[in-house]
Colleague: 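My questions will all concern the structure given below.
In each ligand, atom 1 is the first atom listed, and ligand 1 is the first ligand listed. Computed over heavy atoms, backbone and side chain alike; hydrogens, waters and symmetry mates excluded.
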Amino acid sequence: MPDLYPLLRAFLFRLPPETANTISLYALRSGLGRIFATADSGKPDPPLLQQRLWGFEFPNPIGLAAGCDKDARAPNAMLALGFGFVEIGTVTPRPQPGNPKPRLFRLDEDRAGINRLGFNSDGLDAVIARLSRRSRTGIIGVNLGKNWDSAEAVKDYEEGVRRAAPFTDYIVINISSPNTPGLRDLQARARLDSLLWQLVGARNRAAPATPLLLKIAPDLTAQERADIAEISLATRIDGLVVSNTTVGRPPGLRSRYAGERGGLSGRPLFNPSTALLADMYQLTKGKLPLIGVGGVGTAADAYAKIRAGASLVQLYTALVFEGPALVSRIKTGLVDLLVRDGFASLSQAVGSSHRSAISGAGPLPELQIANPRP
Ligand SMILES: Cc1cc2nc3c(=O)[nH]c(=O)nc-3n(C[C@H](O)[C@H](O)[C@H](O)COP(=O)(O)O)c2cc1C
């Protein structure tokens, strides 16, 4: 069946980006996703893409990143597009409207986006109610934030962990969004240390088997990276999500929206987020599962993240440009790349760019994350 997304995109791209996102979610929830079914849809994923992590069988490593379905309106429809897992949120304890509009910009020429949404959220009550009604098929994560006017960030995250843990397969602590004043200061050593010890405790009391992950920003200094790695290992959290959007503006952006305030996502984020991913893999000595996110739009991108150290990969912005068929394309291409390089399993490929050679596979081409892609 031909890919119908280019037709739909022509319509959606005439709308303000936030309206287009809302319409897409409603359409998916009401079953429109079926018209994007590809020949592979509904078929089990190839065994080569399957992976056991945190006690779950991930059918494939490609997930939907946080921010697309913030309020758990269509998690099952998103899974039906072929994602191996879907991350809901960011959810704040109380509902809040987020920043004034316009707050979401599409940078078409750069295959990128800038957002300063500021955690618009229906709040925990509404999201938990939706999650508890959902038939539990597929792996779901909940990404947690704090209310903008909350005096005590730790309390907000603790509440999120305590209340959301029973309704999700994993939890992400998001202290890396650039649009909530002061949020990213929680990544600083002393505050992070105390935050994570408290949240691990809260998780252990609420649902000890639920993995707790931390999502970090790409704009961290070398010292901050080292501190985060050390604290993550010491507190024994279950993984890192690398990375959120960047406040940086890599040279060469062409869109007239490039100067908008907010976090940049999409293609220009690929290099900085993959460089951070590789750093975090090395700093944690490969002991901590990493989810690689930022600028993934092709199978080669996903493969580069995996080789740099990601056990799982997420994407969001490329989905807006490419449509749902992207998920199948990436999965098919990823199988080809794994076979080409002689990997017998996905987990064998994780972090392989840090090793000079794989037995029987010969030396791998070096990962060149410093070089800009076309
Ligand atoms: C419109 C938009 C909203 C986002 N909202 C969130 C969010 O609420 N919480 C979060 O952790 N990340 C959020 N993100 C960041 C994404 O999860 C992801 O880390 C980032 O966009 C990089 O991936 P991409 O280049 O594939 O989009 C958002 C991204 C976009 C574009």
Side-chain angles (χ1 to χ4, degrees), residues 16-22 24-25 62-72 78 83 85-92 96 98-99 101-107 110-122 127 141-146 148 157 160 170-180 183-184 186-187 213-219 240-248 250 257 260 262-274 276-277 290-298 301-302 305 310 312-322 326-327 330 373:
E18 203 169 336
T19 314
N21 188 33
T22 309
S24 306
L25 273 179
I62 310 300
L64 179 65
C68 184
D69 190 5
K70 283 178 183 272
D71 296 313
M78 291 300 185
F83 284 110
F85 63 110
V86 165
E87 195 168 305
I88 298 304
T90 294
V91 190
T92 55
Q96 63 176 34
N99 287 327
K101 295 179 185 174
R103 53 191 184 175
L104 181 56
F105 305 89
R106 231 185 26 248
L107 281 63
D110 306 303
R111 292 262 154 172
I114 291 178
N115 89 81
R116 49 171 182 265
L117 294 169
F119 288 170
N120 50 316
S121 173
D122 284 356
V127 169
V142 171
N143 177 308
L144 296 171
K146 71 177 265 294
W148 72 275
Y157 287 106
Y170 71 90
I171 290 175
V172 176
I173 304 302
N174 177 14
I175 50 170
S176 49
S177 284
N179 304 308
T180 296
L183 190 82
R184 293 184 308 159
L186 293 168
Q187 296 175 124
L213 285 78
L214 179 73
K215 185 162 178 179
I216 61 175
D219 315 306
L240 293 173
V241 184
V242 187
S243 73
N244 217 310
T245 54
T246 177
V247 291
Y257 298 118
E260 288 291 342
L264 176 74
S265 63
R267 192 177 276 177
L269 179 60
F270 180 82
N271 286 336
S273 61
T274 310
L276 174 62
L277 177 70
L290 305 177
I291 301 184
V293 50
V296 171
T298 64
D301 295 339
K305 295 271 189 202
L312 299 167
V313 173
Q314 290 176 324
L315 59 87
Y316 175 7
T317 303
L319 189 68
V320 174
F321 289 101
E322 305 276 330
L326 175 68
V327 185
I330 290 183
R373 294 183 308 118

Colleague: Walk me through whether Asn174 and Ser176 qualify under side chain to side chain donor-acceptor pair (under 3.5 Å).
Modeller: CA-CA 6 Å; Asn174 177 14; Ser176 49; 3.1 Å; yes
Colleague: Do any nitrogen or oxygen atoms of Ala65 lie less than 3.5 angstrom from nitrogen or oxygen atoms of ligand 1?
Modeller: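 No, there is no polar N/O contact under 3.5 Å.
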Colleague: Are Arg267 and Asp301 within salt-bridge range, i.e. N to O under 4.0 Å?
Modeller: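 Not counted as a salt bridge, because no side-chain N and carboxylate O are separated by less than 4.0 Å.
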Colleague: Go through Lys305 and Ser273 one step at a time and tell me if the side chain to side chain donor-acceptor pair (under 3.5 Å) criterion holds.
Modeller: CA-CA 9 Å; Lys305 295 271 189 202; Ser273 61; 2.8 Å; yes
Colleague: Would you mind listing which atoms of ligand 1 come within a distance below 4.0 Å of any non-hydrogen atom of Gly295?
Modeller: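 By the 4.0 Å cutoff, the relevant atoms are 24 (P), 25 (O), 26 (O).
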Colleague: Does Thr90 approach ligand 1 within less than 4.0 angstrom via side chain, backbone, both or neither, non-hydrogen atoms only?
Modeller: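 For Thr90, the contact with ligand 1 is made by both the backbone and the side chain.
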Colleague: Closer than 4.0 angstrom, basic N to acidic O: yes or no for Glu322 and Arg111?
Modeller: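 Arg111 and Glu322: salt-bridged.
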Colleague: Answer yes or no: does an N/O atom from Tyr316 fall short of 3.5 Å to an N/O atom of ligand 1?
Modeller: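 In this structure, Tyr316 places an N or O atom under 3.5 Å from an N or O of ligand 1.
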Colleague: State the atoms of ligand 1, each with its element, that fall below the 4.0 Å cut-off from a heavy-atom position in Lys215.
Modeller: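 Counting from 1, the qualifying ligand atoms are 10 (C), 11 (O), 12 (N), 15 (C), 16 (C), 17 (O), 18 (C), 19 (O).
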Colleague: I want to know if ligand 1 touches Lys70 in the polar sense, i.e. an N/O pair below 3.5 angstrom.
Modeller: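 For ligand 1, there is an N or O atom that lies under 3.5 Å from one belonging to Lys70.
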Colleague: So, does Gly294 sit close enough to ligand 1 that a heavy atom of it is under 4.0 Å from the ligand?
Modeller: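 For ligand 1, residue contact (heavy atoms, under 4.0 Å) with Gly294 is present.
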Colleague: Of all the atoms in ligand 1, which lie at a distance below 4.0 Å from a heavy atom belonging to Asn143?
Modeller: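 Listed by number with element: 10 (C), 11 (O).
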Colleague: Would you mind listing which atoms of ligand 1 come within a distance below 4.0 Å of any non-hydrogen atom of Leu269?
Modeller: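 The atoms of ligand 1 under 4.0 Å from a heavy atom of Leu269 are 22 (C).
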Colleague: Quick one: which ligand 1 atoms are inside 4.0 Å of a heavy atom on Ser243?
Modeller: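 By the 4.0 Å cutoff, the relevant atoms are 19 (O).
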Colleague: Quick one: does ligand 1 sit under 4.0 Å from the side chain of Thr317, the backbone, both or neither, non-hydrogen atoms only?
Modeller: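 Contact part for Thr317 vs ligand 1: both backbone and side chain.
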Colleague: Any nitrogen or oxygen of Ala66, side chain or backbone, less than 3.5 Å from one on ligand 1?
Modeller: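 Yes - when backbone and side-chain N and O of Ala66 are compared with those of ligand 1, one distance drops under 3.5 Å.
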Colleague: Which of the numbered atoms in ligand 1 are below 4.0 angstrom from a heavy atom of Val293?
Modeller: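 Counting from 1, the qualifying ligand atoms are 18 (C), 19 (O), 22 (C), 23 (O).
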Colleague: Please could you name the atoms of ligand 1 that Leu117 approaches to less than 4.0 Å, counting only its heavy atoms?
Modeller: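 Contacts of ligand 1 toward Leu117, numbered from 1: 1 (C), 3 (C).
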Colleague: May I have the step-by-step check of side chain to side chain donor-acceptor pair (under 3.5 Å) for Thr317 and Ser265, ending in yes or no?
Modeller: CA-CA 7 Å; Thr317 303; Ser265 63; 2.7 Å; yes
Colleague: Counting from 1, what ligand 1 atoms have a heavy atom of Leu104 closer than 4.0 Å?
Modeller: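 Within the 4.0 Å cut-off of Leu104, ligand 1 contributes 1 (C).
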Colleague: Would you call Gly297 a ligand 1 contact, heavy-atom distance under 4.0 Å?
Modeller: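 It does not, in that no heavy atom of Gly297 comes within the 4.0 Å cut-off of ligand 1.
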Colleague: Quick one: does Ala318 get within less than 4.0 Å of ligand 1, heavy atoms only?
Modeller: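 Contact absent.
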Colleague: Can you tell me the protein heavy atom closest to atom 6 (C) of ligand 1 and the distance?
Modeller: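 That would be Gly67 CA, 3.5 Å.
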